[in-house]
Structures are given as structure tokens and as C-alpha cells.
Amino acid sequence: MKAIPPDSVGLVTPAQLRFAEPLALSSGGVLVDYDLVYETYGTLNSDASNAVLVCHALSSSHHVAGYHSPADPKPGWWEQHVGPGKSIDSRRFFIVGCNNLGSCFGSTGPASLNPATSRPYGADFPMVTVRDWVESQARLADRLGISQWAAVIGGSLGGMQALQWAIDYPERVRHAVIIAAAPKLTAQNIAFNEVARQAILTDPDFHEGRFYDYGTEPRRGLRLARMLGHITYLSDDIMGEKFGRDIRGGKLNFDYQVAFEIESYLRHQADSFVGRFDANTYLLMTKALDYFDPAGDAGGDLARALRGIKADTLVLAFTSDWRFAPARSREIVKALHDNDLNVSYAEITASHGHDAFLMRIPRYVDILTNYMSRILPGTSA
Amino acid sequence: MNGSRVDFRIIADWIRPDSRVLDLGCGDGSLLDYLGHSKRVSGYGLEIDDAHVGTCIKRGVNVIQTDLDAGLSEFDERSFDCVILSLTLQAVKYPDRLLREMLRVGTEGIVTFPNFGHWRARWQLGMLGRMPVSSALPHEWYNTPNIHLCTLRDFEKLCRDEGIEVLESEVVDHAHRRRLGLRLFPNILGEIALYRFRRAIAP
């Protein structure tokens with residue numbers, strides 16, 4: 001057992017709340033009742049003014065930071081930025097991570113029991129959108145006694161939730177931090193998602209989403225989806241730097257076993273994904289990404305869609321991110337300054353591609369720390 | 001940096017309270033910070049340098065990291081009362097285009113630049129045969145970011161050619177002071193020039 005680092009929030013235990021009031025979804029469907037699993041770090045102050053919501057991306061969860069047990073080999077997904085003395089400082093902020101509806105890490109999702117049938121929802125789990133997540137997170141905030149977030153923060157799909165929060169609940173968000181996101185997906189983004197979905201949907205073990213009933217899961221499809229995803233998370237440069245054309249064992253075997261290191265990497269990522277992630281959740285999450293388009297309700301005019309925002313905003317992008325390139329973040333920045341809103345934008349030089357938002361890059365840390373340091377008046381970092 | 005800098009005070013005098021301002025090449029945000037406190041202006045700074053962007057964010061100045069040479073196309077026409085270009089004109093690739101852009105997105109413009117016609121610059125180039133180095137132009141020829149240096153006369157000619165009407169101008173010396181001599185011989189004694197201008201109304 002290794003010691004937990006002192007700049008970690010340490011051992012954490014997820015909490016769970018049941019919501020009995022039905023949630024009307026963007027799709028027209030309704031979730032009659034549902035559970036939300038969440039984690040919190042730090043202490044909510046007396047006037048509940050120091051609460052920060054960290055929204056997760058496609059494959060992550062409420063487990064933002066810390067360890068679930070002393071033997072836990074890996075901390076939460078944003079350990080790099082959340083903890084005592086870190087950019088999002090758990091000594092100053094009360095930090096909340098919430099597992100989104102439709103996920104497979106505890107909140108109600110396709111693998112949960114459908115109360116109407118007493119069997120897993122499977123394909124019957126309704127499609128959920130970014131807006132639906134914000135709505136469910138708002139109910140969680142109500143239950144936690146948080147009427148206004150000091151900040152809502154997220155990267156990638158999490159950044160989209162931060163933006164949606166600022167749109168849907170202008171009075172409840174003082175700051176939005178939107179990292180490596182986009183105001184909507186491009187055709188290319190949707191195309192990648194569709195290939196991933198087809199890999200799952202056409203797997204013979206998918207069984208129309210009812211694979212739980214067959215005691216199996218579409219492993220091949222999910223593996224392919226994850227491999228494809230990982231290609232889009234990395235830049236060509238970082239792939240070249242990390243793997244190049246390095247060959248396992250130093251010689252070619254002229255067969256279809258792993259020859260190049262990049263093949264080994266993708267297979268490893270795929271293998272570790274299967275078993276911990278649900279194929280139906282993957283389908284739902286990619287659809288939530290595809291459908292995200294706040295400008296859609298405003299005739300395609302993003303500035304009009306953001307008109308009601310009151311939050312101050314920090315937008316961050318990474319130079320080598322081609323999944324959600326800096327130009328996509330600039331669209332959000334433009335729509336915000338078109339409305340005379342307080343917005344700052346920084347472009348972080350990083351070779352890691354889209355995955356950079358998960359990394360501890362010194363300038364990224366500085367910018368986030370600087371921004372967070374002025375969010376709470378009367379305290380300084 | 002602080003508000004005691006005379007160039008800051010001159011700019012503040014030229015700006016109406018509660019104006020919306022765009023500061024091109026805003027550096028560490030000290031001018032916008034000063035104008036925010038002294039004139040309650042709101043707006044944004046554009047800056048390319050990583051360290052400066054970090055400082056702006058820390059002091060709460062709205063900053064957008066961008067390359068001025070890429071233009072101001074993301075800003076709509078007349079979206080600012082005033083667009084400021086402080087000690088940056090000489091470092092951009094296309095000063096003439098940027099001036100036009102300033103008056104597209106703003107009603108008025110303010111430009112400040114180091115005067116290449118200052119006597120010390122003339123002396124170093126004319127008599128010593130060396131590229132000028134001074135407190136206003138601290139770089140050597142090989143490492144200077146300043147690629148489009150000009151004199152007061154040069155700038156005024158560009159304004160005429162571009163149909164830009166100069167509303168006010170000032171010069172200050174290296175200590176950012178205003179003195180009588182400067183008013184008499186601005187293009188010789190002025191180290192920093194400041195201009196406020198707008199698009200000339202067609203006759």
C-alpha cells in the first residue's frame with residue numbers, strides 16, 4: 001500500500017440521493033424517479049457561497065478526486081486539479097462531482113432496474129441531453145442547500161454542461177469555466193461518434209441493448225468504440241512522440257498480432273474499458289454530445305442563445321486539440337463578448353490533443369489557479 | 001505599473017466614463033485595470049503573451065488570448081466606444097490594416113507609439129550610424145519586436161491617407177512627463193506619441 005499524497009483530498013466515499021419527483025426530459029420522455037451518485041470535497045461555508053460543481057465528460061464519473069480505499073491504485077479523474085492547495089482548492093471550496101443520468105457508475109442508467117418491468121432498462125432507458133443533466137444537477141444542488149454555484153466547471157462534454165448551466169440557470173452560476181469544449185459538434189465529430197455507435201449496435205452480443213438479459217455484453221463493439229475515441233483524444237504529434245513506429249520485440253512478425261506500440265496502446269485502452277463501462281451508456285453519451293446545440297433553439301444564433309447569461313466565464317482551449325479545436329472555443333468567447341459579458345480566454349500550448357484537459361500542464365494550472373483565486377472574495381490562494 | 005503613468009492619465013482623460021473599450025495588446029492589463037477604476041470602463045484586452053494573459057486573469061481583467069495580426073474579424077462593427085492600441089502599433093505586421101480595423105469595431109481609436117523621430121534616435125542613426133536604442137526603444141536591431149517604427153509625421157500622413165481625423169494628440173518624454181518644449185517640438189523631443197482619432201466624415 002502506498003501513502004496517499006498530502007495534496008489529495010484523501011479517502012472519499014460516494015453518496016447517493018433518491019429523487020422521487022419525475023424528471024421531464026428533452027426527448028419528451030420522463031424519468032419517474034432516479035438516483036444520483038455524487039462525491040463532495042471540502043466544507044460548505046455558512047452562506048453556501050463556496051460551492052463548485054465539476055461536471056464530467058463522456059467516460060468519467062462523480063469520482064473527481066481522492067481515493068476510494070487505501071489500496072485504490074488510481075485517484076479520481078481530475079486529481080491533477082482538485083485537492084488541498086490545487087487549482088480548485090478543497091480548503092476553500094466545497095466541490096461537488098455528480099454522476100450523470102444514463103451513466104454506469106451509480107446514478108440511474110441503462111443497467112439500472114426499470115421499476116416498470118423490474119428488469120434492467122437496457123434500450124428502454126430514455127435518451128438524456130446536456131440540458132437534462134443540468135436539470136438533475138440543479139435538483140441535487142437544491143438538496144445540498146446550494147442556491148448558487150460559485151463556479152460550474154468542466155472539460156469537453158463537462159464544459160458543455162457548464163455552458164448549459166449558465167444558460168438555464170443564470171441566477172445560480174457566478175462563474176462558468178468551460179475547458180476544451182465546443183458550442184456544438186461538427187459533422188466530423190458526429191461522424192466519429194456514429195462509427196463508434198455502429199461498432200456497438202452491430203455487435204451480435206448487443207441484443208438490441210438487452211445484453212444484460214443474455215448475460216453478455218457487446219465487448220467487440222465497445223472495444224472498437226473506445227479505440228476510435230482514443231485516436232481522436234490524442235494529437236498526431238503526441239502519438240508520434242509517445243509511440244512513433246516503435247515495434248514490440250524489435251522485429252516484424254508478419255502476422256496480425258501487435259507489431260507497433262500504438263496498436264498495443266489502443267488494445268490496452270480497449271481492454272481496460274470493457275468491463276468497467278456500459279455499452280448502452282456509451283451510446284447515450286455520444287448522442288448527448290451530438291444533440292448539444294444551445295444555439296439551435298435560438299435560430300442558430302449562439303449570441304442570442306447566451307443573451308441571458310449572468311456568469312463570468314473563463315474559456316480554455318489547447319493548441320493541439322483537434323476534436324474540439326481552439327477555434328470552437330473562440331465561437332463561445334465571441335458569443336459571450338457579443339453580449340458584453342465578462343469573459344476571458346486562454347489558449348494553452350500543449351501537444352497532448354484533447355486529452356490535455358486532464359493533464360497537469362504548468363500554464364494550465366496557473367491560469368486555472370489565477371482564475372479560481374479571485375472567485376471567492378476575502379480569501380486568497 | 002500604476003495610474004501615475006502620464007500616458008495612462010492622458011488616455012483616461014480622453015475616454016468618457018462607462019465607455020466600452022477594446023485594448024489591443026493589453027499586456028498585463030494595467031491600463032484596463034486603471035481605466036476600470038478611474039472611468040468605470042468595461043471591455044476586453046487582447047493579448048498574445050502567455051505570461052501577460054495569466055496576469056490579466058489574476059487581476060480580473062477580461063483578456064482574450066489572440067494574435068492581433070490575425071485581425072479583429074470576430075468583433076462586430078461599432079461594438080466599442082473606443083479601441084486602444086498602446087505601444088503596440090510598431091510591433092504589428094500590418095499597422096494600416098489594424099488602424100482600419102480599429103475604426104470598424106470602434107467609434108474612436110487611441111494609438112500610442114514610440115516616436116522614431118526623437119532627437120536621440122536621430123542622433124544615434126544620423127551621427128553615430130547605429131540603430132537607436134533608448135528607454136522607449138530598448139531592443140537591439142536583431143531582437144526587437146518593433147518592425148514598423150514611425151515618426152509623428154509618418155503617423156499623421158498615414159491618418160490623412162486613410163481618411164482618419166485626429167481629434168487630439170500629445171507627446172510625453174521618457175519619464176512620461178509633459179513639458180513646454182515638447183509642445184513646441186513634438187517630433188524631436190517627444191518620446192511617446194499619443195493620438196485620439198476617428199473616421200473622418202466624408203466632405
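Only the backbone of A/L336 has a heavy atom closer than 4.5 Å to any heavy atom of chain B.
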Pairs of donor and acceptor atoms, chain B with chain A, under 3.5 Å:
| residue | atom | partner | partner atom | Å |
| --- | --- | --- | --- | --- |
| B/R20 | NE | A/D340 | OD1 | 3.4 |
| B/R20 | NH1 | A/D340 | OD1 | 3.3 |
| B/R20 | NH2 | A/D340 | OD1 | 3.1 |
| B/Y44 | OH | A/L341 | N | 3.3 |
| B/Y44 | OH | A/L341 | O | 2.5 |
| B/D50 | OD1 | A/R363 | NH1 | 3.4 |
| B/G54 | O | A/N370 | ND2 | 3.0 |
| B/I57 | O | A/R374 | NE | 3.1 |
| B/N62 | OD1 | A/V343 | N | 3.4 |
| B/N62 | ND2 | A/N342 | OD1 | 2.7 |
| B/V63 | N | A/S344 | OG | 2.9 |
| B/V63 | O | A/Y345 | N | 2.7 |
| B/Q65 | N | A/Y345 | O | 2.9 |
| B/Q65 | O | A/R330 | NH1 | 3.4 |
| B/Q65 | OE1 | A/E347 | N | 2.7 |
| B/Q65 | OE1 | A/R363 | NH2 | 3.1 |
| B/T66 | OG1 | A/R330 | NH1 | 3.3 |
| B/T66 | OG1 | A/R330 | NH2 | 3.2 |
| B/E74 | O | A/K334 | NZ | 2.9 |
| B/E74 | OE1 | A/R330 | NE | 3.0 |
| B/E74 | OE1 | A/R330 | NH2 | 2.5 |
| B/E74 | OE2 | A/H337 | NE2 | 2.6 |
| B/D76 | OD1 | A/K334 | NZ | 3.1 |

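Of all the heavy atoms in A/V333 and B/I64, the pair that sits closest is CG1-CD1, 3.8 Å.
Counting non-hydrogen atoms of neighbouring residues, nucleotides and ligands closer than 6.0 angstrom, the NE2 atom of B/H139 exceeds 12 such neighbours.
Per-residue counts of heavy-atom pairs under 4.5 Å with chain A were compared for B/V61, B/V53, B/V63; the largest is that of B/V63.
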